[in-house]
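What follows is a short report on a single structure.
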Amino acid sequence: MRLKRTFHCGKLDKNYIGNRVVVAGWVQGRRDHGGLIFIDLRDRYGIIQVVFDQQKNADFFSQAEKLRAEYVIAVAGQVVARSEETVNPKLPTGEIEITTEDMEVFSTSRTPPFYIEDQLDTDENIRLSYRYLDLRRPEMQRSLELRHRVSLATREYLDAAGFWEIETPFLTRSTPEGARDYLVPSRTAPGNFFALPQSPQLFKQLLMVSGVDRYFQIVRCFRDEDLRADRQPEFTQIDMEMSFCDRRDIMEEVENLVCSLFARVLGKKLHSPFPVLTYAEAMERYGSDRPDRRFGMELKDISDIAARCGFNVFKKVVERNGAVKGLLVQEGGSFSRKELDDLTALVQSWGTGGLAWMIVTEDEVKSPISKFFTSEQLADLSRRLEGKPGDVLLFVADKKELALKVLGQLRLHLAHKLGRIPGDVDDFLWVVDFPLFVYDDEEERFAANHHPFTAPLPEDLTMLEDSPLKARSQAYDLVYNGIEVAGGSIRIHDRATQERIFGLLQMTPEEAVEKFGFLLQAFEYGAPPHGGIAFGLDRLLMLMAGDTSIRNVIPFPKTASGNCLLTGAPAPVTPAQLRELHISLCKNEKQP
RNA sequence: GGAGCCGUGGUGUAGCCUGGUAAACAUGCCGGCCUGUCAAGCCGGAGAUCGCGGGUUCAAAUCCCGUCGGCUCCGCCA
């Protein structure tokens, strides 16, 4: 390297006119006028125009003619003002340019497979295969910076609030419950395996028992489950835990953290405190435990009307303790018969029997099922859903939970399809009072809704054994624009209650000791009341960046099938490696 | 585990439903001209057998089956 950089491309402006500078970066583009060549030189900070003049740069002009996109060069020269008519208002550095006095080519480049620019329209597999080129694009550079800024602001905020960042093991033991673990074979203990953590849950609770009082960690977590646009097998959490606190303390601390992040990183002021919805209310009004409230379209119960009507499908559902739920779609009266049929097929794919619809007009209600309703009942339905002429009313009749869930999904589907979700809103809310347990049909037993260390609501402790599905927990989720970005709970901190919960999860005392003995024992040595929360950092960043894919805020993400297109992982290993780990593959698996 | 969409020069698309002459367009790339462009311009040129495999047919980018890869969703993700 002969030429040493003295200034960043994007940081020069007219204040530097007259300076001799050395800039270095990638050739963004070249405009060759024969005896005059313009090069846009790009670095992390921006783009500056460099001018090569055949008259003035005779000794290396021929070298400049050979420059191509993505060559890496350094240029020494004068910062000069552009003449008024050649100023480029689109560039922050458009008032100046660099006239070259010297140049060095550090490396050449093959023709890149896609343009290094925003608004890229390329197959994602090409972007991922050439991620180092993708990351050169300004919007990806901003994404990398956003991640850095948020992590840094998180550390600064939490440090000031008395939290210590403490690392916990990545090689730990597999635990029952929860997601599928990524396993790591032990070489020194044949046949035994480590698991990569799904979260540092148990370690942070132990740190509370250790007297750490306030802990946090920006930490990678691993879950071997199928991927989604907002789910990766390895992802990052902002993990927090606090002692001697109730859930309001934690929620307040989290709100302050979020407000601080938005103020410092995005310059946005959020309204706090965030609204709080109970799980029951969220389900009833939005059919979701992570409601998107940026648009209306709340669900309404019409079971009472349905019970009185002559439509058997509705009537029978109500008689069997089911429910009929309604959704108003404003101006949905223009849906074609085919569109309504498609919506019906959609809700059927979500597991319910069908979709009933009624189109409200000036003087009647048009529907294949209107004949089963008295005109008074039809008017009641319109009134209940606040339907006006031109609207459509949609109904799902099923078991209450399913009806709500299906109609909630339909609500989201239609809001997206009809473009009714405002883009410039930051809606945060808490959902609290989750059921402590859910019933796992496959395993035919109760399962922890949040995780088995979540404390029940004190007033629901007595119903644990008799009606476990009614018991609520001291868990809370933070929802941002309809996406869960954080979840946590007050934890159990005494052995008896913890054993009671394990028992309800059909874990034998022996099993409990075998899997979680270290936690149970820790609780016998003075455990403070404690609770915490974990943010999905990637999701938070995705939303802060206004993106819809988590992959754009992860530097090196995996594809939907869990592959890394850049490195080719996962990949076979040698027989020697397997032997060392005491592993043999099944016959039908490909041996390397 | 299931469903849907997609796969055509380097890149983005058209063609596919209604099989049939040199697979079209844009951009990029290469060469030439050009001293004020910034999506530079003008002229010329090269470049894909249509993800892969099989089948139907006189004939397949086009129809059928399978498979691989990408994306989205359901299940799953405490």
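Remember, predicted model here, so these are calculated numbers, not experimental data.
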What nucleotide among B:G69, B:C71, B:C77 has an atom nearest to a side-chain atom of A:Asn125?
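Of B:G69, B:C71, B:C77, B:G69 is nearest to the side chain of A:Asn125.
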Taking RNA chain B as the partner, which of residues 226-241 of chain A come within under 4.0 angstrom of it by heavy atom?
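Residues of residues 226-241 of chain A that come under 4.0 Å of RNA chain B are, in numerical order, A:Asp226, A:Arg228, A:Ala229, A:Arg231.
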At a heavy-atom distance below 4.0 Å, what parts of residues 47-60 of chain A sit against RNA chain B?
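A:Gln49, A:Asp53, A:Gln55, in order of number.
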Check this for me: does the side-chain of A:Arg223 come within 3.5 Å of the base of B:C76 through a donor and an acceptor?
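No pair found.
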Checking only heavy atoms, does the side chain of A:Glu97 share a donor-acceptor pair with the base of B:G36 at less than 3.5 Å?
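By the distance-only test, yes, there is a pair.
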Using purine N1 to pyrimidine N3 plus N6-O4 or O6-N4 for Watson-Crick, or N1-O2 and O6-N3 for G-U wobble, each under 3.5 Å, what pairs with [N]?
N: B:C63; answer: B:G55
N: B:C5; answer: B:G70
N: B:U37; answer: none

If the [atom1] atom of [N] is compared with that of [M], how far apart are they to the nearest Å?
N: B:A46; M: B:C5; atom1: C1'; result: 34 Å
N: B:U67; M: B:C42; atom1: C1'; result: 49 Å
N: B:G53; M: B:C43; atom1: P; result: 40 Å
N: B:C34; M: B:U13; atom1: C1'; result: 32 Å
N: B:C58; M: B:U21; atom1: C1'; result: 15 Å

Hey, is the side chain of [X] poking within less than 4.0 Å of OP1 or OP2 on [N], counting only N and O atoms?
X: A:Arg30; N: B:A40; answer: no
X: A:Ser549; N: B:C71; answer: no
X: A:Arg31; N: B:A40; answer: yes

Pair A:Arg247 + A:Asp433: basic N to acidic O under 4.0 Å:
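Between A:Asp433 and A:Arg247 there is a salt bridge, with a charged N closer than 4.0 Å to a carboxylate O.
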One thing to verify: whether A:Arg110 and A:Glu70 come together as a salt bridge, which I'm taking to mean a side-chain N less than 4.0 angstrom from a carboxylate O.
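Judged by the 4.0 Å cut-off on N to carboxylate O distance, A:Glu70 and A:Arg110 do not form a salt bridge.
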Taking the six-membered ring for Trp, are A:His33 and A:Phe38 parallel (under 30°), tilted (30 to 60°) or perpendicular (over 60°)?
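The arrangement is perpendicular - the two ring planes meet at more than 60°.
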For the residue pair A:Tyr132 and A:Tyr130, does the interplanar ring angle fall in the parallel (under 30°), tilted (30 to 60°) or perpendicular (over 60°) class?
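It falls in the perpendicular class, over 60°.
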State the CG-CZ distance between A:Leu505 and A:Phe446, to the nearest 0.5 angstrom.
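Separation between the atoms: 9.5 Å.
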A:Leu340 CG to A:Leu394 CG distance, which is reported to the nearest 0.5 Å:
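So the CG of A:Leu340 and the CG of A:Leu394 are separated by 7.0 Å.
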Going by 5.5 Å between centroids and 30° between planes, is there a stack of A:His33 over B:G36?
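One would not call A:His33 stacked on the B:G36 base.
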Let me check something: any side-chain donor-acceptor pairs from residues 197-208 of chain A under 3.5 Å, sequence neighbours excluded? List them with distances.
from     : atom 1 : to       : atom 2 : distance (Å)
A:Gln198 : OE1    : A:Ala179 : N      : 3.1
A:Gln198 : NE2    : A:Ala179 : O      : 2.7
A:Gln198 : NE2    : A:Asp181 : OD1    : 2.6
A:Ser199 : OG     : A:Gln201 : N      : 3.2
A:Gln201 : OE1    : A:His451 : NE2    : 3.4
A:Gln201 : NE2    : A:Gln205 : OE1    : 2.9
A:Gln201 : NE2    : A:His451 : NE2    : 3.4
A:Lys204 : NZ     : A:Asp239 : OD1    : 2.6
A:Lys204 : NZ     : A:Met240 : O      : 3.1
A:Lys204 : NZ     : A:Glu241 : OE1    : 3.3
A:Gln205 : NE2    : A:His530 : NE2    : 3.1

Considering only heavy atoms from C-beta outward, does the side chain of A:Leu128 approach that of A:Leu566 to under 4.5 Å?
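A side-chain contact is absent here, since even the closest heavy-atom pair is not under 4.5 Å.
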Output one letter per nucleotide in nucleotides 5-11 of chain B: B when a protein non-hydrogen atom lies under 4.0 Å from the base, S when only the sugar-phosphate is that close, - when neither is.
-----BS
Which pairs with one or both residues in residues 399-413 of chain A pass salt bridge (charged side-chain N to carboxylate O under 4.0 Å, His left out), sequence neighbours excluded?
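For residues 399-413 of chain A: A:Glu284-A:Lys400.
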Pairs involving residues 479-488 of chain A, ordered by first then second residue, that meet salt bridge (charged side-chain N to carboxylate O under 4.0 Å, His left out) (sequence neighbours left out)
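Passing the test, one end in residues 479-488 of chain A: no pairs.
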